[in-house]
Protein chains: 2
Amino acid sequence: MVSIRDVAALAGVSNKTVSRVVNREPNVKPAMIKRVSAAIDQLGYIPNQAARLVRTNRSRIVGVVTDVVSTTPKSVELIHGIQDAIGKTEYSLLIANTGNDPATEAKIWRTYREQRIDGVLYVTMYHREVDFDPSTHGIATVLVNCFTDPARSVPATVPDDYQGQYDATCHAIACGHERIGYVTLNPLILAARLRGQGYRDAMEAHGLPIQSEWIVPGVAGPLDNDRLCAFDAAKRILSLSAAERPTLLLAGNDEIAMQCLFAAHALGLKVPADIAIIGFDDFRIISDQVVPRLTTVALPYYDIGARAAERLLAMISGAPVEYGIETVACPIVPGGTT
Amino acid sequence: MVSIRDVAALAGVSNKTVSRVVNREPNVKPAMIKRVSAAIDQLGYIPNQAARLVRTNRSRIVGVVTDVVSTTPKSVELIHGIQDAIGKTEYSLLIANTGNDPATEAKIWRTYREQRIDGVLYVTMYHREVDFDPSTHGIATVLVNCFTDPARSVPATVPDDYQGQYDATCHAIACGHERIGYVTLNPLILAARLRGQGYRDAMEAHGLPIQSEWIVPGVAGPLDNDRLCAFDAAKRILSLSAAERPTLLLAGNDEIAMQCLFAAHALGLKVPADIAIIGFDDFRIISDQVVPRLTTVALPYYDIGARAAERLLAMISGAPVEYGIETVACPIVPGGTT
DNA sequence: ACCTGATTTGACGACGTCGTCATTTTAATT
DNA sequence: AATTAAAATGACGACGTCGTCAAATCAGGT
């Protein structure tokens with residue numbers, strides 16, 4: 001491997017001068033830059049990042065630690081947002097999954113510290129609280145799609161599930177619906193609780209009653225092995241007589257919404273004429289390709305990822321950081337199912 | 001940052017002895033290992049990978065270069081397979097997207113060479129031929145989901161699209177179908193051509209006729225900005241009289257299959273009684289959550305990624321490598337739509 | 001106690017780069 | 001031409017680690 005010394009020898013200058021040219025330091029004569037650059041090109045010299053690091057102690061690498069996020073289709077946008085933000089800079093991105101295994105996670109942190117990673121984005125698949133103590137790792141960290149005890153002052157960026165579902169419910173009401181059902185996510189996850197609260201608060205704010213038989217889980221089973229049952233759930237609700245059933249179904253996410261669509265079809269109901277549907281996530285693969293296009297609420301994963309990456313870069317560069325939990329709004333995406 | 005010297009000083013031994021303990025070299029007395037380990041724990045010493053690299057010139061990092069693959073939900077399994085294979089070893093994974101921009105790609109290779117990456121997995125979103133010359137990069141590389149001129153001897157791992165569609169067609173025939181239509185992928189992509197050929201060859205092998213009006217593209221537009229039109233396409237085919245229309249539709253992928261389902265519903269046709277459907281990809285988000293479960297063909301992205309990663313690791317370790325293009329079979333996944 | 005050979009430990013330098021400070025060259029001013 | 005300040009270049013060492021080889025220690029056999 002060709003080193004700075006080889007270049008210096010060929011150009012007939014000192015190592016340091018080559019170093020100056022490579023790092024675009026000031027006070028180098030144009031003629032010298034040209035001469036050294038020619039030698040660099042001729043030899044195909046590429047600086048050794050590791051040797052730099054030994055001197056500077058900065059790796060210019062940012063790590064991503066996820067549970068399973070980079071292996072689940074929904075959160076691809078999160079990674080994408082992170083990559084785009086990081087890609088604009090000089091930093092590279094190291095990615096690893098814990099698979100929710102503490103031993104694996106420990107190994108990852110260990111490796112990251114060996115690599116002298118400059119910062120970490122700690123990303124979870126579900127919006128949830130994590131028990132994260134930055135002092136055990138000693139690397140600048142931003143939590144993404146999760147958060148920890150505010151006392152620990154770890155920056156976190158999360159979606160505003162509550163607002164999203166609140167607004168979606170208001171949108172439904174604004175469209176003239178008063179009988180609004182809800183096929184929920186797995187009640188064990190935080191997003192389900194936040195969204196559910198948004199729905200209930202919006203209904204109450206408009207003085208509309210909530211029928212308990214209109215609220216049914218669309219997902220069953222334990223967190224790590226749950227199973228969609230929205231088709232059956234929706235079918236049950238929609239089998240009620242026209243006078244008794246809701247005129248609109250809110251779905252916990254777009255997969256659930258899709259199964260609601262199939263349930264409506266199975267019962268011969270027209271969407272949105274007989275039953276309107278609003279999803280959540282704007283998971284394009286589904287929301288954009290279902291017919292008709294799904295009305296849904298965007299989960300701005302791309303923005304969350306990008307925003308978190310920017311915060312991390314700011315932290316690394318020593319800029320003043322606002323600690324605390326930052327929420328990103330979830331806007332409504334109008335479609336053909338309302 | 002605490003260095004090997006600090007540990008040596010605390011333990012009252014030489015640097016080299018600490019190094020020996022850290023690297024588990026033989027011929028170190030158990031008592032010494034204990035003493036040094038205690039010092040390591042006390043100081044929280046973590047070896048500096050970069051300093052190692054300066055000596056050994058091996059980064060223990062593998063890079064992934066993709067066009068957009070890590071940002072598209074379908075290929076998450078590919079990344080997952082790679083991560084699992086790499087995660088079993090001492091290696092870490094660096095990931096970057098080119099976004100199909102040559103300048104970005106050049107920058108990524110540059111960065112990877114600066115980091116002295118040990119090997120690269122070059123992954124494309126679509127199964128296609130790429131113009132890849134390993135000598136310009138000088139890093140061990142395995143192509144994933146793509147391949148290049150065999151004369152260049154670059155190992156490649158790809159799915160067997162032809163076999164998958166051939167088998168799916170045979171499966172349809174074995175189920176008693178003789179009138180088989182095909183809503184295709186964008187004809188511009190290689191997978192569409194390979195799968196199309198599999199379909200035609202299987203039909204011919206069974207002496208079944210192919211009606212040209214049964215073959216319709218389900219995707220329209222240029223590669224980088226195409227648009228699903230499978231709903232309309234399928235509706236057109238299925239609007240033919242029961243005697244004229246096919247009894248089974250092959251779909252270019254699972255999204256197309258989903259739109260075929262919606263088209264059937266829109267026309268009041270029952271699936272699979274009136275019209276059977278077979279997808280492709282086994283893209284779980286759709287195939288597994290559509291009602292009824294989609295019969296489809298698995299695109300073994302996880303295996304492809306894992307297999308390619310194993311080949312790369314073998315190359316890096318200097319093991320004898322079979323160059324050339326390796327195909328991974330696409331097995332049928334039975335569902336309720338046939 | 002003494003020798004022999006194996007085992008264990010240490011001293012030193014090199015990897016490739018850049019920071020520090022000294023030295024040389026250039027330009028600007030008398 | 002002489003002086004001075006500024007600009008450009010170079011010599012040298014340090015970063016943290018490990019390879020090399022020399023030194024020290026140990027075990028076993030006389």
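In what follows, chains carry the letters A, B, and so on, assigned in the order in which the sequence lines appear, proteins first and then strands, with residues in each chain numbered from 1.
Put simply, B:S14 has no side-chain N or O that comes within less than 4.0 Å of OP1 or OP2 on C:dA11. Within the structure, a side-chain polar atom (N or O) of B:N27 is placed less than 4.0 Å from OP1 or OP2 of C:dT8.
The backbone N or O of A:G99 lies less than 3.5 Å from no partner atom in the side chain of A:N97, so there is not a single donor-acceptor pair. B:R152 places a side-chain N or O within 3.5 Å of a backbone atom of B:F132 that can act as its donor or acceptor partner. Panel note: side chain A:R24, backbone A:V21; no donor-acceptor pair is recorded below 3.5 Å.
The closest side-chain donor-acceptor pair between B:R60 and B:S92, if any, does not fall under 3.5 angstrom.
In terms of the ring-ring contact (aromatic ring centres under 6.0 Å, His included) criterion, residue partners of A:Y302 (sequence neighbours excluded) are, by chain and number, A:H80.
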Name every donor-acceptor pair, under 3.5 Å, that has one atom in a side chain of residues 120-128 of chain A and the other anywhere in the protein, sequence neighbours excluded.
from   : atom 1 : to     : atom 2 : distance (Å)
A:Y122 : OH     : A:E105 : OE1    : 3.4
A:Y122 : OH     : A:E105 : OE2    : 3.0
A:T124 : OG1    : A:Y126 : O      : 2.8
A:T124 : OG1    : A:N145 : O      : 3.1
A:H127 : ND1    : A:D161 : OD2    : 2.7
A:R128 : NH2    : A:D67  : OD2    : 3.2

Donor-acceptor list for residues 31-39 of chain A side chains, cut-off 3.5 Å, not counting sequence neighbours:
from  : atom 1 : to    : atom 2 : distance (Å)
A:R35 : NH1    : A:A11 : O      : 2.6
A:S37 : OG     : A:I33 : O      : 2.6

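You'll find the side chain of B:L94 reaches within 4.5 Å of the side chain of B:Y112, heavy atoms only. For the pair A:P155/A:M315, a side-chain contact is recorded, criterion being any heavy-atom separation below 4.5 Å from C-beta on.
If you check residues 30-42 of chain A against DNA chain D, the residues with a heavy atom closer than 4.0 Å are A:M32, listed by number.
Remark on the helix from C:dA1-D:dT30 to C:dT30-D:dA1: inter-end axis angle 40°, axes from five-pair C1' superpositions, rounded to 10°.
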Under 4.0 Å protein heavy-atom contacts per nucleotide of nucleotides 12-21 of chain C, with B for base, S for backbone only and - for none: -BBBBBBBB-
Criterion side chain to side chain contact (heavy atoms under 4.5 Å, CB included) on B:R52 and B:R58, from CA distance to verdict: CA-CA 8 Å; B:R52 275 185 179 154; B:R58 301 195 55 199; over 6 Å; no
